[in-house]
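To start, the structure itself, in structure tokens.
The figures that follow rest on heavy atoms only: side chains count, while hydrogens, waters and symmetry mates do not. When a residue number appears, it is its place in the shown sequence, counting from 1.
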Amino acid sequence: QVQLVQSGGGLVPAGGSLSLSCGASESTFSIDAIDWYRQAPGKQREVVAGLSRAGTTNYKDSVKGRFTISKDNAKNTVYLQMNNLKPEDTAVYYCYAEVVMVTTGEMRDYWGQGTQVTVSS
């Protein structure tokens, strides 16, 4: 079965930057649309950014101007560039993507495994 494999994350000081990636494990599948979620300790998982199939982006108000979604179709990978990070951005970040089988057009939704982002003050 296809998996969404995440990379990136880590520990950075406030004001620093990180880039997260999310890619399909099988080359026969491609990512169409994606949402980035995060979940901080004791809080509900929330959507922070999204990229639609049409290329429209949406961002949680608190990350607008700081986070950017991009997709590299050739690499079958989606990125979340996070700049000017704040301590309140600390959370586990997850990608949740619509994945399509290239040969058939079949679509499925999958979660990435999550990656920790910690921003120190």
Side-chain angles (χ1 to χ4, degrees):
Q1 60 183 36
V2 68
Q3 293 181 318
L4 295 180
V5 180
Q6 294 183 232
S7 63
L11 174 64
V12 295
S17 298
L18 284 173
S19 180
L20 308 181
S21 67
C22 178
S25 62
E26 299 290 340
S27 61
T28 54
F29 288 82
S30 64
I31 298 174
D32 271 357
I34 188 168
D35 290 322
W36 286 94
Y37 287 76
R38 69 185 182 189
Q39 187 167 24
K43 295 185 177 180
Q44 294 183 330
R45 190 172 298 184
E46 62 178 357
V47 176
V48 296
L51 177 65
S52 74
R53 284 172 286 175
T56 301
T57 57
N58 290 284
Y59 299 94
K60 178 178 172 65
D61 286 344
S62 63
V63 308
K64 287 180 178 178
R66 300 189 296 119
F67 290 11
T68 304
I69 289 179
S70 63
K71 181 157 70 79
D72 187 332
N73 291 321
K75 296 182 178 180
N76 198 25
T77 301
V78 176
Y79 303 92
L80 182 66
Q81 178 66 44
M82 304 183 294
N83 298 323
N84 192 24
L85 284 161
K86 303 176 180 180
E88 52 263 42
D89 295 319
T90 295
V92 177
Y93 283 72
Y94 301 87
C95 59
Y96 181 69
E98 178 184 85
V99 177
V100 60
M101 180 179 287
V102 176
T103 57
T104 67
E106 180 183 3
M107 295 180 291
R108 299 284 174 84
D109 295 332
Y110 294 95
W111 286 97
Q113 82 278 14
T115 187
Q116 177 71 47
V117 171
T118 302
V119 184
S120 61
S121 59

(Q) Under 3.5 Å, is there a donor on one side chain and an acceptor on the other for Ser17 and Asn83? (A) yes

**Q.** Modelled atom types, side-chain donor and acceptor of Asn84 and Lys86, under 3.5 Å
**A.** no

Tell me whether [X] shares a hydrophobic cluster with [Y], the cluster being built from Ile, Leu, Val, Met, Phe, Trp, Tyr side chains joined at under 4.5 Å.
X	Y	value
Met101	Val78	yes
Tyr93	Tyr59	yes
Tyr110	Leu80	yes
Tyr96	Val99	no
Tyr37	Ile69	no

Q. Which pairs pass disulfide bond (SG atoms under 2.5 Å apart) with one or both residues in residues 11-105, sequence neighbours excluded?
A. Cys22-Cys95

Q.
Determine whether Thr28 and Thr103 satisfy the following criterion, side chain to side chain contact (heavy atoms under 4.5 Å, CB included), listing intermediate values before the conclusion.
A. CA-CA 7 Å; Thr28 54; Thr103 57; 5.9 Å; no

Would you compute the distance between atom [atom1] of [X] and atom [atom2] of [Y] and round it to the nearest 0.5 angstrom?
X	Y	atom1	atom2	answer
Asn76	Ser27	CG	OG	8.0 Å
Ile31	Thr77	CD1	OG1	6.5 Å
Arg38	Met82	CZ	CE	9.0 Å
Trp36	Leu20	CH2	CG	5.0 Å
Leu4	Phe29	CG	CZ	11.0 Å
Asp32	Asp109	CG	CG	10.0 Å

Q. With distance as the sole test, does Gln6 use its side chain to make a donor-acceptor pair with the main-chain N or O of Gly114 at under 3.5 Å?
A.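 A pair under 3.5 Å: yes.
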
Side-chain polar contacts of residues 50-58 - donor-acceptor pairs under 3.5 angstrom, sequence neighbours left out - could you list them?
{"from": "Ser52", "atom 1": "OG", "to": "Ala54", "atom 2": "N", "distance (Å)": "3.3"}
{"from": "Ser52", "atom 1": "OG", "to": "Gly55", "atom 2": "N", "distance (Å)": "3.4"}
{"from": "Ser52", "atom 1": "OG", "to": "Thr56", "atom 2": "N", "distance (Å)": "3.0"}
{"from": "Arg53", "atom 1": "NE", "to": "Glu98", "atom 2": "OE1", "distance (Å)": "3.4"}

(Q) Show the nearest heavy-atom pair for residues Lys60 and Val47, with the distance to one decimal. (A)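 Taking every non-hydrogen atom into account, CB-O, 3.9 Å.
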
Q: Specify the closest pair of heavy atoms between Ser30 and Val102, including all atoms of both residues, with the distance to one decimal.
A: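 Where Ser30 meets Val102 most closely, the heavy atoms are OG-CG2, 4.1 Å.
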
Q: Assign the ring pair Trp111 / Tyr94 to parallel, tilted or perpendicular, where the plane angle (0 to 90°) is split at 30° and 60°.
A: perpendicular

Q: Using side chain to side chain contact (heavy atoms under 4.5 Å, CB included) as the criterion, list what pairs up with Val119, not counting sequence neighbours.
A: Val12, Ala14, Leu85, Pro87, Asp89, Thr90, Val117

